Asks: 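Shown below is the structure under consideration.
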Amino acid sequence: MSLTEALKDRARALGFCAVGVTGAEPFVEAESAATTRTAEGLMDGLTWWSPMRAHASADPRRALPEARSVIALAFPHPLPDSSSPLVGGAGGEDSPGGDGPRGRIAGYALGRDYHEVLLDRMQPLLSMLRDRGYAAKTYVDHGWMLDRAAAARAGLGWLGKNTNLLVSGTGSYVLLAEIVTSAALQPDQPLKKSCGSCDACLRVCPTGALVKPGVLDNRRCISFWTIEHRGVIPREIRPLIGEWIFGCDLCQEICPVNARPAAPDAEALTAFGPVVEPRPRLEELLPLDEETFRARFRQSAVWRTRRSGLLRNVCIALGNVADRRSVPALSRALIDNDPLIRGHAAWALGRLGGPAARQGLTLALSRDADPWVRDECHLALQECGPRAVPSAV
């Protein structure tokens, strides 16, 4: 058995659902696309991204000059159980068990932080290469590598109109990783597949973030606003976020390639472990302090939002579900130490309306000194409508 075949067999035994090999030459087309979209402002808001990073990430030899091959890997991630409670916009009474509105978390974040999982899973492959005297370097998302370009050129799948890698027989619910090595491995050929005339993902995106096939405007993506953005979410974006409190899977859920995905290896999924509930109760999250937030999410990708970002998102989701039984929980959030949470709680109360919401907002105005929070309270009170005037007896 050749080293290429041995590595592929071992990767599959480790739970990777797809593995392919490509050369270590630069990803010229992907580099051009990345730099063009960066110049057009489509990547604005990502503080870790830059034109320099786009160029560097397109060259597998940047950190390993002797590289000759790139091993591209795809690993299945947990998905919400079909029996998990769902809130389709009504919330409250319509949610199973009548236990209040629930939020939504993207599938890839439901288990242990995938960076750790994939790095652990790649170690035996690294040992196979290094034991034979070859240099090797790993990449898992946060490294400087154009992951999808590597996966597509290695024949793992094709790039869909939603910008995700679509793996034949598996779908897009995968996480990508790479090993750049000095070993001269047998390369695979890219797949000659496409999405054809299907444009379901473009039509389902509530914010219009998919501006054309294969092109995402980061500035409108729900995943960007709920994960990457650290500050105030613009008022025009908030209603479009729906119940998502971390990421968004809408363009994957609608994709026909994901309609009948192959069952992932059960042992592979155990590597993630049950960490995050896919449909958490929103009112249960609002009281989290720094310590309880850390205890609940430290091992998961949700940790990336920090407490302020997650509870900001929770407030927005409650405003969108619009169940007035959430007014007490949101009113308590008006005294949170973090103004980011207070301001978004005020917005949510304005969406819910009613005497109790108005009372909470009026009280917040009397004690909150933060100018932005006060502005949100004023706007929320306007949205609540005029104060009811008692009728004359």
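None of these values were measured; they are calculated from a predicted model. Residue numbers start at 1 and run along the sequence shown.
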Asks: Is it the case that one hydrophobic cluster holds both L156 and Y173, taking links as side-chain heavy atoms less than 4.5 Å apart, direct or via other members?
Replies: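 Different clusters.
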
Asks: For Y114 and F272, I'd like to know if the aromatic rings sit close, meaning centre-to-centre distance below 6.0 Å.
Replies: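 Ring centroids of Y114 and F272 are no less than 6.0 Å from each other.
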
Asks: Does the distance from a Lys or Arg side-chain N to an Asp or Glu carboxylate O, for R102 and E277, drop under 4.0 Å?
Replies: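 Salt bridge between R102 and E277, a charged N being under 4.0 Å from a carboxylate O: yes.
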
Asks: Using atom types as modelled and distance alone, determine if a side-chain donor or acceptor of D188 lies under 3.5 Å from a backbone N or O of G155.
Replies: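 Here the side-chain-to-backbone pair does not exist.
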
Asks: If you round to the nearest 0.5 Å, how far is SG of C195 from CH2 of W158?
Replies: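 The CH2 atom of W158 sits 6.5 Å away from the SG atom of C195.
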
Asks: Does the pair R358/E383 count as a salt bridge with the N-to-O cut at 4.0 Å?
Replies: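 No salt bridge links R358 with E383.
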
Asks: Among side-chain atoms of S326 and E283, is any donor-acceptor pair under 3.5 angstrom?
Replies: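 Yes, because at least one side-chain N or O of S326 sits under 3.5 Å from a partner of the opposite role on E283.
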
Asks: Hey, is the main chain of G41 close enough, under 3.5 Å, to the side chain of R219 for a donor-acceptor pair?
Replies: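 At least one qualifying donor-acceptor pair exists.
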
Asks: Charged N to carboxylate O below 4.0 Å: is that the case for K137 and E178?
Replies: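 Salt bridge: no.
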
Asks: Would a hydrophobic clustering, with Ile, Leu, Val, Met, Phe, Trp and Tyr connected at side-chain separations under 4.5 Å, put L175 with L125?
Replies: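 Linked within one cluster.
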
Asks: For residues M145 and L119: do they belong to one hydrophobic cluster (side chain heavy atoms under 4.5 Å, members Ile, Leu, Val, Met, Phe, Trp, Tyr)?
Replies: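 The answer is no; the residues belong to distinct hydrophobic clusters.
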
Asks: For L318 and V314, run side-chain contact (heavy atoms from CB on, under 4.5 Å): C-alpha distance rounded to whole Å, both residues' side-chain angles, the deciding distance at 0.1 Å, then the answer.
Replies: CA-CA 6 Å; L318 284 170; V314 167; 4.1 Å; yes

Asks: Would you call R307-E291 a salt bridge at under 4.0 Å N-O?
Replies: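 Not counted as a salt bridge, because no side-chain N and carboxylate O are separated by less than 4.0 Å.
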
Asks: For the side chain of K161 and the backbone of C198, is there at least one donor-acceptor N/O pair under 3.5 Å apart?
Replies: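 Yes, the answer is positive, given that a donor and an acceptor are paired below the 3.5 Å cut-off.
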
Asks: Is it true that L240 and L379 fall in one hydrophobic cluster, defined by side-chain heavy atoms closer than 4.5 Å?
Replies: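 Not linked; separate clusters.
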
Asks: So that I can tick it off, tell me whether E228 and R304 are bridged by a salt bridge, with the cut-off set at under 4.0 angstrom between side-chain N and carboxylate O.
Replies: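 Yes, this pair counts.
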
Asks: Output yes when D99 and R279 qualify as a salt bridge under the 4.0 Å nitrogen-oxygen rule, no when they do not.
Replies: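 No, D99 and R279 are not salt-bridged.
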
Asks: Assess the side chains of S172 and N258: does a donor N or O sit below 3.5 Å from an acceptor N or O?
Replies: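 Per modelled atom types, S172 and N258 side chains form a pair under 3.5 Å.
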
Asks: In Å, rounded to the nearest 0.5 Å, how long is the span from NE2 of H378 to OG1 of T362?
Replies: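 Between atom NE2 of H378 and atom OG1 of T362 there are 10.0 Å.
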
Asks: Taking D323 first and then R351, would you say they form a salt bridge - that is, a charged N and a carboxylate O separated by under 4.0 Å?
Replies: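 No, D323 and R351 are not salt-bridged.
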
Asks: Once you round to the nearest 0.5 Å, how far does OG1 of T38 lie from CG of L46?
Replies: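 Result: 9.0 Å between the selected atoms.
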
Asks: Is the number of heavy atoms from other residues, nucleotides or ligands under 6.0 Å of E253 CD greater than 12?
Replies: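 Counting other residues, nucleotides and ligands, CD of E253 exceeds 12 neighbours.
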
Asks: Roughly how far apart are R104 CZ and I241 CD1, rounded to 0.5 Å?
Replies: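 Nearest 0.5 Å value for the CZ-CD1 distance: 14.0 Å.
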
Asks: Starting from the C-alpha separation in whole Å, work towards a yes-or-no answer on side-chain contact (heavy atoms from CB on, under 4.5 Å) for V327 and L352.
Replies: CA-CA 7 Å; V327 167; L352 271 59; 3.7 Å; yes

Asks: Under 3.5 Å, side chain of S57 to main-chain N/O of A54, donor-acceptor pair present?
Replies: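 No.
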
Asks: Is R148 reaching over with its side chain to a backbone N or O of T163, donor-acceptor style, under 3.5 angstrom?
Replies: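 Looks like yes, one N/O pair under 3.5 Å.
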
Asks: Any salt bridge between R374 and D370, counting N to O under 4.0 Å?
Replies: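 No salt bridge links R374 with D370.
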
Asks: Between S300 (side chain only) and F297 (backbone N and O only), is there a donor and an acceptor less than 3.5 Å apart?
Replies: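 Side chain of S300 to backbone of F297, a donor-acceptor pair under 3.5 Å: yes, one is there.
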
Asks: I need the I254 CD1 to L202 CG distance, nearest 0.5 Å.
Replies: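 CG of L202 is found 12.0 Å from CD1 of I254.
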
Asks: Same cluster or not: L216 versus L166, using hydrophobic residues (I, L, V, M, F, W, Y) connected whenever any side-chain heavy atoms lie under 4.5 Å apart?
Replies: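 No: no chain of side-chain contacts under 4.5 Å links L216 to L166.
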
Asks: To the nearest 0.5 Å, how far apart are CD1 in I237 and CD1 in I316?
Replies: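 Reported to 0.5 Å precision, the distance equals 10.0 Å.
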
Asks: Between R342 and D368, is there a salt bridge with N-O shorter than 4.0 Å?
Replies: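 R342 and D368: salt-bridged.
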
Asks: A quick test of your reading: do over 12 heavy atoms of other residues, nucleotides or ligands sit less than 6.0 Å from CD of E116?
Replies: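 It does: E116 CD has more than 12 such atoms within range.
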
Asks: Compute whether any side-chain donor of one residue and acceptor of the other, for T207 and R220, lie under 3.5 angstrom apart.
Replies: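 No pair is found: no donor N or O on one side chain lies under 3.5 Å from an acceptor on the other.
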
Asks: Examine distances only and state if a side-chain atom of R153 and a backbone atom of P190 form a donor-acceptor pair shorter than 3.5 Å.
Replies: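 No.
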
Asks: List the steps, then state whether side-chain contact (heavy atoms from CB on, under 4.5 Å) holds for L210 with N162.
Replies: CA-CA 7 Å; L210 293 165; N162 60 5; 4.1 Å; yes

Asks: Could you walk me through whether W372 and H344 pass the ring pair (Phe, Tyr, Trp, His ring centres under 6.0 Å) check?
Replies: CA-CA 10 Å; W372 172 72; H344 287 87; 5.4 Å; yes

Asks: With a sphere of 6.0 Å drawn around CG of D131, does it hold more than 12 non-hydrogen atoms of other residues, nucleotides or ligands?
Replies: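 Yes, enclosed.
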
Asks: Keeping D249 on the side-chain end and G107 on the backbone end, is there a donor-acceptor pair under 3.5 Å?
Replies: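 Checking the backbone N and O of G107 against the side chain of D249, a donor-acceptor pair under 3.5 Å is found.
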
Asks: Please answer whether the main-chain N or O of V215 pairs with a side-chain N or O of R37 as donor and acceptor at a distance below 3.5 Å.
Replies: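 Checked: no pair found.
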
Asks: Please check this pair: side chain of T226 against backbone of G247, looking for a donor-acceptor N/O pair closer than 3.5 Å.
Replies: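 At least one qualifying donor-acceptor pair exists.
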
Asks: Does E66 CD have over 12 foreign heavy atoms under 6.0 Å away?
Replies: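 Atom CD in E66 is crowded, with more than 12 foreign heavy atoms closer than 6.0 Å.
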
Asks: Do the side chains of Q186 and S2 get nearer than 4.5 Å, heavy atoms only?
Replies: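 No, too far: nothing below the 4.5 Å cut-off.
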
Asks: Taking only Lys NZ, Arg NE, NH1 and NH2, and the carboxylate oxygens of Asp or Glu, determine whether R294 and E290 approach each other closer than 4.0 Å.
Replies: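 No, R294 and E290 are not salt-bridged.
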
Asks: Should the pair Y108 and H77 be assigned to parallel (<30°), tilted (30 to 60°) or perpendicular (>60°) ring geometry?
Replies: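 Y108 vs H77 ring planes: perpendicular.
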
Asks: Do you know which of I71, V19, T181, I179 makes side chain to side chain contact (heavy atoms under 4.5 Å, CB included) with L7?
Replies: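 Testing each of I71, V19, T181, I179 against L7, the sole residue satisfying side chain to side chain contact (heavy atoms under 4.5 Å, CB included) is I71.
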
Asks: Using ring centroids (six-membered ring only for Trp), state whether W303 and F293 fall under 6.0 Å.
Replies: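 Yes, the ring centres sit under 6.0 Å apart.
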
